[in-house]
Every structure is written in C-alpha cells, then in structure tokens.
There are 2 protein chains.
Amino acid sequence: MNEASPVLRKSAATRQRVLDAAARIFRERGYAATTLGDIAEAAGLRTASLYYHFESKEELVEEVLRIGTTLVSDAVRRAVEDLPAEADFRTRLTVAIATHLDALLRLTDYTSADIRIIGHVPPEVRAKVWPLREAYGEFWQELLRSGRANGAIRAGADLGLLRVLILGTLNYASEWYKPGLKPVGAIAAEATAMVLDGILAPSAMHRQPA
Amino acid sequence: MNEASPVLRKSAATRQRVLDAAARIFRERGYAATTLGDIAEAAGLRTASLYYHFESKEELVEEVLRIGTTLVSDAVRRAVEDLPAEADFRTRLTVAIATHLDALLRLTDYTSADIRIIGHVPPEVRAKVWPLREAYGEFWQELLRSGRANGAIRAGADLGLLRVLILGTLNYASEWYKPGLKPVGAIAAEATAMVLDGILAPSAMHRQPA
DNA sequence: CCTATTTTCTAACTAAAATTAGATAGAAAT
DNA sequence: ATTTCTATCTAATTTTAGTTAGAAAATAGG
C-alpha cells in the first residue's frame, strides 16, 4: 500500500467527512454537548469506528481547532500580503476585517467552531493549540503596530487592548450571525466603518458634549 | 413557618450560596463541564441536597442566567436614566458602555456566566430566558435610535447591526479579561473611544487612502 | 482466486454524573 | 417534652457517553 504513495488512502476521505461533521456539530452545539455518536451519525459510520481515525474525542476536537485557526489565519495573511506594497493602513485593516469575517461566517465551520468552543474545551487541548492562535494574534498586533508607526492610529492607544477589542467585535458575530439575513460583506463594511471611524456622524463636533 | 413572614427562611441563605457558587463555576468552566458535585462542594453541601432548592441542573442554570441578565440590564438602565435629561448621545453611550463592562468584568459572576454560557445551554433553557435578553437589547436599540434622531450617529448605519457589533465588542471581553492586568475603567475608555470615534488619528485625511 | 491489510462493525465495558428514595438531624411551635 | 416542618444526608438508581476488544467486511496485490 505504500503509505508515502501519491495515491490517497481510502480512509482519508472518511477522516475528512468525520472532521467536517465534527466542525459543523461542535459549532452548533458546543463541545461538551456534542457526542461522538452525533458526529459518527452525521459522517455515516458507527461511533466505535471513529477510533480508527482518532485516538479520542479530545484529539478530534484538537484537530478541528487547529484547522479552524489555520484557515482563518492563512486566509487573512494571504489577503493582506497580496495587497500592493503601498497600500495604506486603512486598506490593510479593511481587507483583514473582511477576510476574517468571511472565514468565520461564510467559508468554514472549522473557524466558527474554533471561536465558539475554544473557551469550553479541556485545558490541555486549549494549551496544545494555543501557539497557533498566538501567532495569529501576533499578526494583528503587527498590523496595528505598522498603523501606529504610520501615524494612522491615534497615538495614545493601547495596541494590545485595541487588538482584542477588534477581534472581539468580529468573533462575537459567530454568536449572533444567521446566514441569509445580511450579506457578510455588508457586516464587514459596517464593522470596518465602526472600528476605523466610529459610529458618529462626521459633521459632529469633536470631543465636547453639546 | 408563615411563608409570607418578614423573617427570612434559613434556606434562603443556602440557596444564595448555591447560586453564587454556580455562577462562579459556570463562568469558569462552562455549562456542561460543570457538575452539580462541583457546585455543591463549593457551596458546602452534598450533591443531593441541591435538589431541595432546585428541581434540576437546568432550573439552576436558568436562574443564574436570569439573574445575570437582570443585574446588567438594571445597572445600565439606571445609570443612563440617572443622567441629566440634557445629556447628549456621546455621554449616554459612554455611561452605558462603562456600566455594562463593569457589571460584566468587575461586579458579578452572574453576568459573565450568562454571557459565556448562554450559547451552550440546552435550547429550552435559552428559550425561557430569551425575553429578558431581548428587552435589554431593545434598550440598546432605543439608545441608538435616539442617537440617530439627534443626528449624532451617521445616517446610513444599520442600527440593529451596530447594536450587535457594539455589544459583541463588550461581551467578548469576558473571554479574554483577567483581573489585575488593566482597570476595567481603562478598558471601557478605550472601547468607548473606538466605538464613538474609531481608532484612527484625528488629524488623518478623511476617507481616501493615501 | 488467495492472502494480507485496511476499514468498519457489533458487543461489551467503564465511569461519570444527574436524579430519586428514604432516613436523620435541627429548629420552631404547641 | 412532643410534635411538626425544614433542611440535609447517605445510599441507590439510571442514563449517557467515551472507550476497548475482537470479529467481520471490504479492498488491493500477487
């Protein structure tokens, strides 16, 4: 059978079905409320057969989390890096927000499962996938740093705090978003407008209450 | 025993201890990962004794959620209503954000438990407490409506979308906040600045990329 | 075809956790 | 003191879900 062969093992397809089902159901119901039976049924096999592909429920969810973080991280990095070198901060942040939300809300159950359950998986699992998340956070931090270096971001801001506030704004959408109500692009536009310019009317006086 | 008597039942104190313990542990570990044994131990009694005070785990968590929503809702309503009648939108939103974050991060485990687990409790439980949450959401919606009526909020904005974006920004803090790192007031100030004015430096050109 | 390997299945097993039953101690009232 | 509720306990029950063991299909090569 030649494990290193270019031919896919037949089990690869099953493993993929299991992961897809797991991502979807974890996202819908949360970690603890999802049983291996639920996942097996959705993937079209028996509960015990899952153990041929994964050592445990924890290993399965770990893989889902890993994929979820990787998908959004790769997509956002690529989208930003593909911008022309002279693109300004406003453009770069706009693209980063749009791509992050697209991965989270439209593209993949893995990322929404990741965001929704990361705080509810066993600590050992969280610890294992943490470095990946930190690296993605560091990408955003660097994006903001470059924005402040350019003078685009107001000087007094705590960038670490801004980062978690912005990502919170985006990530919390996985709690309320329902497909079909509003295109993801429109949500991204409104979020970008708020983060960059705030919600006030441009004419309004600066700082002072009336 | 005279149930309507002004004298507190001795069980009221125990019930309160159980609720306090439940709120704290639900917040820390999530709904499904919290056992009645954990709660009982923290409250200083035996698992079975919980059933004297609550019919089931679901009824217990429902009460925690109800209290959590009520506490933050009442605090924010009161703080905003206590402002002078002529207070402008900027002031009202600043106070609403500060009070919401204070309830969520500093005051009470009930509210943080509520926010963290509402998406992970059994659907029947969520349905029962939903009206309370909707009412609180409606308060924010009305706050934003008044802001737009005043011309304070930019005209094109989708207020429903703005509302969930703002509350998402605030609520997601329950996922990353750790006491001691930064005073809650400083977090509120940064969040308010972002929501109202955005993160860009005031001098920067409007709209156009460089 | 025959055989070895991969994949999935059926059937236990185990452990944890929610819940129930019924006994007991404590407080308050007659 | 005796009786009556209130509150908590110990001990069992039940259910659910993760996991393991080992037998059977299915698949691929020779």
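Values below: every heavy atom of this structure, side chains too, minus hydrogens, waters and symmetry copies. Throughout, protein chains are lettered first and strands after them, A, B, ... in sequence-line order, and every chain is numbered starting at 1.
- A heavy-atom distance below 4.5 Å is not found between the side chains of A/Val184 and A/Leu104.
- Rounded to a whole Å, the CD atom of B/Glu41 is 13 Å from the P atom of D/dC9.
- In this structure, the side chain to side chain contact (heavy atoms under 4.5 Å, CB included) partners of B/Glu175, at least two apart in sequence or on a different chain, are B/Arg116, B/Tyr172.
- Residues of residues 14-25 of chain B that place a heavy atom closer than 4.0 Å to DNA chain C do not occur.
- Checked against side chain to side chain contact (heavy atoms under 4.5 Å, CB included), B/Glu124 has the following partners two or more places apart in sequence or in another chain: B/Glu58, B/Pro122.
- When the C1' atom of C/dG26 is taken as reference, atom CG of B/Leu45 falls 15 Å away, rounded to whole Å.
- Ring centroid separation for the pair A/His120 and A/Phe26 does not come in under the 6.0 Å cut-off.
- Across C/dT8, C/dA17, D/dT8, the shortest atom-to-atom separation from the side chain of A/Tyr52 is found for C/dT8.
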Atom pairs under 3.5 Å: protein N/O with N/O of nucleotides 19-22 of chain C:
{"unit_1": "C/dT19", "atom_1": "OP2", "unit_2": "B/Tyr51", "atom_2": "OH", "d": "2.7"}
{"unit_1": "C/dT19", "atom_1": "OP2", "unit_2": "B/Lys57", "atom_2": "N", "d": "3.0"}
{"unit_1": "C/dT19", "atom_1": "O5'", "unit_2": "B/Tyr51", "atom_2": "OH", "d": "3.1"}

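- For B/Arg46 and D/dT10, the CZ to P distance is 4 Å, given to the nearest whole Å.
- Cation-pi geometry between A/Lys182 and A/Tyr177 is not met: the NZ or CZ atom fails to fall both under 6.0 Å from the ring centre and inside 45° of the normal.
- Shown here are the side chain to side chain contact (heavy atoms under 4.5 Å, CB included) partners of A/Thr99, two or more places apart in sequence or in another chain: A/Ala75, A/Val76, A/Ala79, A/Val95.
- Remark: C1' of C/dA18 and CD of B/Glu59 are 14 Å apart, rounded to the nearest angstrom.
- What separates CG of A/Leu60 from P of D/dG18 is a distance of 10 Å, to the nearest Å.
- When the side chain to side chain contact (heavy atoms under 4.5 Å, CB included) test is applied to B/Arg148, the partners found at least two apart in sequence or on another chain are B/Ile153, B/Leu159.
- Using a 4.5 Å heavy-atom threshold, the side chains of A/Ile199 and B/Phe89 count as touching.
- You'll find that the side chain of A/Ser49 is closest to C/dT8, out of D/dC9, D/dG18, C/dT8.
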